[in-house]
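First up is the structure itself, then whatever we jot down about it.
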Amino acid sequence: MRIGVITFPGSLDDVDAARAVRLAGGEPVTLWHADDDLRDVDAVVLPGGFSYGDYLRAGAIAARAPLMRSVVDRAHQGLPVLGICNGFQVLCEAGLLPGALTRNSHLHFRNRDQGLRVERADTTWTSSYTSGQQIVVPVKNGEGRYVAADPELDRLEGEGRVVVRYVGGNPNGSSRDIAGVTSADGRVVGLMPHPEHAVEDLTGPSVDGLGFFTSVLAAAVAA
Amino acid sequence: MTTDSATAGLSDLDTGPGQLADRLDTVELAAATPNDEQPFAELGLRAEEYERIKDILDRRPTTAELAMYSVMWSEHCSYKSSAVHLRRFADLPRSDALLVGMGENAGVVDVGDGYAVTFKVESHNHPSYIEPYQGAATGVGGIVRDILTMGARPIAVMDSLRFGRADAPDTARVLPGVVAGVGGYGNCLGLPNIGGELLFDDCYLGNPLVNVLCVGVMRHEDVRLAKAEGVGNKVVLFGARTGGDGIGGVSVLASETFDAEGPAKRPAVQVGDPFTEKLLIEACLEIFAADLVTGIQDLGGAGLSCATSELASGGSGGMHVDLDAVPLRDSTLTPAEILMSESQERMCAIVEPAKVEEFLLVCRKWDVLATVIGEVTDGDRLTVDWHGERIIDVPPRTVAHEGPRYERPMSRPADLDALRADDPAQLPAPGSPAELRAAWLAVISSPDGADKSWVTEQYDRYVRGNTVLAQPEDAGVVRIDEHSNRGIALSLDGNARFARLDPYTGAQLNLAEAYRNVAVSGARPLAVTNCLNFGSPEEPEVMWQFAEAVRGLADGCRELGLPVTGGNVSLYNQTGDVPINPTPVIGVLGVYDDVRRRVPTGWRADRESVLLLGETRPEFGGSAWAAVVHGHLGGRPPRLDLPAERALGELLATLADEGLVSSAHDLADGGLAQTLTESALRYGVGATLTLDGDAFAALLAESVARAVVTTTDGATVLAAAAAAGVPVTELGTTGGDALVLTGLFDLSLEELRGAWTATLPALFSSPGAAVGIVPAGTVPTS
Amino acid sequence: MPVPQVVVDVVLKPEISDPQGQAVLGALGRLGHPGVRSVRQGKHFVLEVDGDPDEAELREIAETLLANPVIEDVELRLAND
Amino acid sequence: MPVPQVVVDVVLKPEISDPQGQAVLGALGRLGHPGVRSVRQGKHFVLEVDGDPDEAELREIAETLLANPVIEDVELRLAND
Ligand SMILES: Nc1ncnc2c1ncn2[C@@H]1O[C@H](COP(=O)(O)OP(=O)(O)O)[C@@H](O)[C@H]1O
Ligand SMILES: [Mg+2]
């Protein structure tokens, strides 16, 4: 299965996302922001980093890249898309996911090993987990505070659109401890924590992150 | 070259004689007006240096030439006070591991399997005092470009920081900004921060130290050098536009001391743009891969003056530059200002004409501005034109490599004997277990001993996915090959109390500590870098400290069989006429054939034997205990024992290779108390331990060549230690939720954690600090 | 002739919390400025345009790029000087 | 009665490079707005004060606390509404 990893100017965790895809058994395909061709991939990962320095607003400029038009179109037709950290910010800015990510409440960049609870184990990207399962993966962000208006948050909760929630401490002040959300069809997922940094014993705090990448492969096999 | 400088306007040059508003100071004019007065002294040149320039040129320099010589002959660029001493490093026996030695942008070391590693530390002390965030950020940017220039992909950074008293108002201004700047720039570049230091002392209050290390990896054949060769080859300037940043910074500020009013001249702070630097890195790596350059140099201190003269001087000597081609951010800059500008995120490459187009194409792909500004010429002159007139015509070697050299006078500090006679043995020692327990808690909760996560959580340690160990481990460890699992380890250490008591031994003790940190992590130490932070070289006592530290480091490296691959000298670190304590920060690089053998510091499992390797003596001179509990600095530093370090290092390497230890943590500041605290709190595993003999010395003395290891196979470790000639003490067994010191006292992990983790957040988490707001009156008036 | 300038101020919607403004407020209180009752922090852009500014185009730039309408409000004004 | 508002705009000094503004400018070019010739990005603060605003005090707050005088300039205006 071919999984595209988009590189924007300023993407940093693109090599890591590609490695995670490979370790999960998929074939990573590099995609360049300025192209408009998705190269026949079966799914897309938007990696972490600081696209365009995040100087304006995290993800704002990258969301308007040429390739993003294709991503948005294909996502509406069901292409699985995962946004990690900056990728999540890009997906919110591009309107594929609700809400926004703003400056952390404590105003610092924060990198730590973070507990998460998987709230939805039936999305394209989380089927390898069980609902309620607790995992540990790194968070690292300066603008990771998930916000939306209260009625919107109520709606998301009501529709079961919260995919992962912080446990054992909220690292950035996100509303209702939300770490990641999904589109209504469960195929587009965005989260601030970095599952691609928890895929090897040698380099991660756990291998709990691998499940995101095996999930999408399983979904492809099932389809 | 990067720069430890802030900046000053070059107003003297705008209006100086010979530069009438409507009359350019050309080579021709300079020859015709030999007696025009020039502001050489304001630019930091001495009268005899100015005379030498006139001798070299056989006429007075033009305004632009004067600017160029003044920055390149500054202390920072020419090493004029330090060069005669640094020769000692070059005189070390040649190491097989050294592929490129001192003198290039950074040394290059062979780490096996065809891989080469380049690493170096640079200071950005003065700019970080003036504008903490940008000063620290541009410090990261500068050292990263140094590493990139060698042809390597930068793979990690470390930062070694020193500030004034932790509770001083100015520390609350400087520290949060510096940390945010190191993090902001490094995180945005995608370089994991894998370690560093954070220490506090009154002597740094008006002169904090911000030393940053970068390490890069390449294949042997990819090493690039700063030289301009091949007549007709093009000089390409690429990266950011040139603005009025930091003009004259190197010469004026890195060579000037700070008093209470701050620097004498108004600085133009440089603002870092890590996004542009990230693009510059990716573009350069593509350019290297396609073999598009014959020589390359980054632009740091002294900007284009430095890059062009060093490239020309490193090559065949001839180069011509058309300054009108330089893309400007500010169209009002004078030619001298363009040559001296320290605008960040720029590089200069020498490119064969046939490859220029492809070079420009790669730059365009990455949105990096690139412009041909000149070419390599026949002969041995560097010439620069502006508006069709010649403003520079110099032999580049005289600018870049043949600057002045001084044998500065030296004298042993007058207070040294009194300081050494003030033996900490006379201090009241803890008389009861309760007092010893209190001393333990005081040391580990002091700002130097406390948990550093308030700082290190602001740094990305995971990016690139190859970080094996990072803070709070003893060394930063990075995998460099995913298939072979080859890896490297790095540690930076710079105990300035020891160096104050004895700079010769102090430098060696710092080397020994960095060596030990790498060794306990299971790596084989391979090479050394350094950043020597001292006061004014014009003070004979400071110069003596400097010379002693260099001599010590060179002797230490000889004994350990390690080459010095490069380094950085930062002088004029003082407030008024009070110099900082001599602060030689030493970096040791180690290598792993298989990084899966790395050894972490933390205890993870119950029922493992806790063993102390090495010998403890009642040594308290310069110790954390004396400083924290008594505010005392005096006596002698601990006895150096490099053969014992080496034996310990070899034993640890064997233990790691054979998988015999599950953790190892060295002993340094704060002694065994500090080490036990950190090992137990890492994963929340306690231990029951018994100390023989003098419990005070056992817990708080700072004897060297020691480490604590844990193992499930005590007998084998004991035998291996005996074979290696390393003394061993069995301390006890891991387990439980407390450190139980039999017959003395218990410390619950909860209490220990509370004491250890509360200090830095309490000092630096005020809401204002995060938005750069600090009490009025603490901002330097600049 | 002066270049036409357009100033765009972007502020968080009132219902979105503003930790930066809060931090400034807290610091001002401690530094002896209790008279300041609230602080909100936003962004300020100054754009220079060629020729006559096209207000509709500028408004679109401000509302769709310079601000995120999910969380931010925008104010735009021409400031020829 | 409306609470007196004070608006403070903090902008980088003209000689200081502004990577933020540059990034926006680059994006505008790519998004088909070539008419914008330059962009500078700064900070925008809205302060609400108790009673009559003391302009000298506010100016001091703006110049020494909200801005970093080494690299930034400040503009302050009262905006009662
Ligand atoms: N400024 C810093 N940046 C990154 N890591 C740091 C910094 N200061 C301290 N550390 C990390 O915190 C840990 C403890 O530091 P220190 O006590 O100085 O280590 P050691 O005594 O082993 O040299 C180390 O892992 C070190 O790398
Ligand atoms: Mg150590």
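Owing to the predicted nature of the structure, the values given are computational and were not obtained by experimental measurement. Numbered from 1 within each chain, the chains take letters A, B, ... in sequence-line order.
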>> If you count every heavy atom of other residues, nucleotides or ligands that lies below 6.0 Å from D:E57 atom CD, does the total exceed 12?
In response: yes
Spacing of [atom1] belonging to [X] relative to [atom2] belonging to [Y], to within rounding of 0.5 Å:
X      : Y      : atom1 : atom2 : answer
D:I71  : B:E131 : CD1   : CD    : 4.5 Å
D:R30  : B:D367 : CZ    : CG    : 6.0 Å
B:Q134 : D:S17  : CD    : OG    : 8.0 Å

> Quick one: which residues of residues 271-280 of chain B reach chain D at under 4.5 angstrom, heavy atoms only?
Replying inline: B:V271, B:G272, B:D273
>> Looking at every heavy atom in both B:R329 and D:I16, which two are closest together, and how far apart are they?
In response: NH2-C, 4.1 Å
